[in-house]
Amino acid sequence: MKPHIADVAEEAATGRPLGIFAINLDRSPDRWAQIERHFGHLAWPLQRIAAVDARKDPSAVLSVRGLSLQFPPDGVAWNSHRNRIFMLTEEACLAGHVLTWQQFLKTDLAYALVLEDDAEPQAGFVETLSDLLQSGPGADIVKLEGVFRSGGRKAIPLRDVGKHRLIRSLRPASGSAAYLVTRRGAERLLASVDHICVPADDFLWNPAFHGCDVAHVSPWVIMQSGMASVIATDKAAKRSGVKAPFGRAALMPLRRGFERLKLLWAATDGRPWKLLNTMVAQWAPDDYNLKDRMSIAAIDRKSSNG
């Protein structure tokens with residue numbers, strides 16, 4: 001059974017409880033303005049992390065983890081999780097998180113709220129985050145966000161946080177736009193990320209990659225805004241002209257099966273009978289609907305990122 005982190009001892013050994021770290025490209029000042037508007041007035045300090053830019057300085061992106069391009073001009077390596085090329089833009093995103101974890105660990109903060117610059121707080125965000133800080137998150141990482149989805153996913157309930165619920169998701173959603181991480185969680189992530197070549201969205205939420213204890217808030221208290229991605233790569237480019245390494249396709253079901261078992265084992269604390277206590281946990285807030293998404297997308301089309 002994986003031991004739970006000692007949240008009380010961890011906070012006692014440091015100074016301030018929480019800092020907010022937002023990853024933002026220099027060429028996206030309008031997004032930073034949005035982050036300041038949403039999070040700059042809160043009780044916790046807000047710090048900007050300058051993202052590395054795959055478009056303007058590929059060498060700076062690669063230098064964060066000491067990588068090189070195995071599939072020029074913009075393919076870093078083979079993504080064994082997705083069985084396709086791991087792109088330079090994806091490395092830039094992951095590198096931004098690596099830089100954030102490193103910066104967080106240089107502070108005396110007990111926890112970091114890590115944001116990408118398209119994070120939009122929803123009703124109950126401050127209340128839920130305050131509850132997590134007061135009682136301790138009970139996990140190395142707590143996922144706070146996602147993109148819009150209707151319905152819910154199977155999960156194991158942990159406890160209520162404000163008017164929301166802390167769960168372990170049996171079907172984690174991708175997305176890395178907002179999460180709470182402890183110092184121990186950041187240390188484990190840095191120790192595990194090394195030369196692994198999977199997107200941040202996949203790396204963070206699968207314990208098979210890093211061994212962290214991961215929890216989720218349901219429904220999400222932060223949503224990805226719907227803004228057009230400034231780092232997105234066309235799916236065709238991720239596969240163009242390159243064949244999967246020999247035998248990799250045959251190994252994919254085995255690899256995915258192993259990752260799935262690791263996720264279930266972690267979600268149940270090594271006690272599979274907890275699966276008998278599953279529930280359907282809501283994805284998105286009730287008041288977040290298609291109209292909201294269309295409105296945000298329209299605003300983004302007028303910005304420098306559209």
Side-chain angles (χ1 to χ4, degrees), residues 23-28 49-102 114 116-118 143 145-147 171-177 179 189-212 224 226-260 262-263 305-306:
I23 306 166
N24 171 249
L25 285 166
D26 290 342
R27 58 183 165 90
S28 299
I49 302 294
V52 282
D53 196 333
R55 181 192 300 176
K56 293 189 174 183
D57 195 350
S59 61
V61 174
L62 295 169
S63 68
V64 173
R65 296 199 294 152
L67 302 180
S68 59
L69 293 175
Q70 295 184 25
F71 304 101
D74 52 9
V76 177
W78 193 257
N79 177 349
S80 58
H81 177 71
R82 296 287 181 183
N83 204 32
R84 59 165 174 78
I85 298 175
F86 179 67
M87 305 300 291
L88 184 64
T89 50
E90 293 174 315
E91 173 60 20
C93 179
L94 180 56
H97 289 267
V98 170
L99 292 172
T100 303
W101 306 330
Q102 291 173 339
V114 181
E116 294 176 353
D117 60 10
D118 58 349
K143 181 175 172 64
E145 61 79 36
V147 294
R171 185 189 166 197
S174 62
S176 51
Y179 55 94
L189 291 170
L190 285 171
S192 303
V193 71
D194 196 21
H195 288 75
I196 192 169
C197 289
V198 297
D201 304 57
D202 291 325
F203 175 73
L204 278 165
W205 313 124
N206 195 328
F209 291 130
H210 45 63
C212 289
Q224 294 184 29
M227 289 181 174
S229 173
V230 296
I231 66 163
T233 303
D234 183 81
K235 288 185 178 180
K238 298 174 183 178
R239 299 182 182 273
S240 61
V242 180
K243 293 183 179 180
F246 179 76
R248 190 61 59 85
L251 291 175
M252 281 295 293
L254 293 176
R255 179 183 292 274
R256 286 298 187 90
F258 173 74
E259 292 173 0
R260 181 67 180 165
K262 287 277 289 186
L263 187 152
N305 300 299

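In this view, N206 satisfies the side chain to side chain donor-acceptor pair (under 3.5 Å) rule with no residue, not counting sequence neighbours. Residues that satisfy the side chain to side chain donor-acceptor pair (under 3.5 Å) test with D201, not counting sequence neighbours, are absent from this structure. For the salt bridge (Lys or Arg N to Asp or Glu O under 4.0 Å) test, residues two or more places apart in sequence or in another chain that qualify with E145 are K143. Q70 meets the side chain to side chain contact (heavy atoms under 4.5 Å, CB included) test with A77; sequence neighbours excluded. For the side chain to side chain donor-acceptor pair (under 3.5 Å) test, no residue two or more places apart in sequence or in another chain qualifies with W205.
Residues P199 and N79 form a side-chain contact, since some pair of their non-hydrogen atoms from C-beta on lies under 4.5 Å apart. V114 is listed as a side-chain neighbour of H97, based on a closest heavy-atom distance under 4.5 Å.
To the nearest 0.5 Å, the span separating CG on D117 from CG on N24 amounts to 4.5 Å. With rounding to the nearest 0.5 angstrom, the CD1 atom of I49 is 7.5 Å from the CG atom of L99. Here the straight-line distance linking atom CZ of F86 with atom CZ of F71 works out to 12.5 Å at 0.5 Å rounding. Distance CG/L94 to OG/S176: 8.5 Å, rounded to 0.5 Å. To the nearest 0.5 Å, atoms CG (D118) and CD (Q224) are separated by 5.0 Å.
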Can you give the donor-acceptor pairs under 3.5 Å from side chains of residues 56-67 to other protein atoms, not counting sequence neighbours?
unit_1, atom_1, unit_2, atom_2, d
D57, OD1, S59, OG, 2.7
D57, OD1, A60, N, 3.3
S63, OG, S59, O, 3.4
S63, OG, A60, O, 2.8
R65, NE, E91, OE1, 3.4
R65, NE, E91, OE2, 3.0
R65, NH1, V193, O, 3.1
R65, NH1, D194, O, 2.7
R65, NH1, I196, O, 2.8
R65, NH2, E91, OE1, 2.6
R65, NH2, I196, O, 3.0

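Using a 4.0 Å cut-off between a side-chain N of Lys or Arg and a carboxylate O of Asp or Glu, R82 and E90 do not qualify as a salt bridge.
Remark: side-chain polar atoms of T100 are paired, donor with acceptor, to backbone N or O of G96 under 3.5 angstrom.
A ring-centre distance under 6.0 Å is found for F209 and H81.
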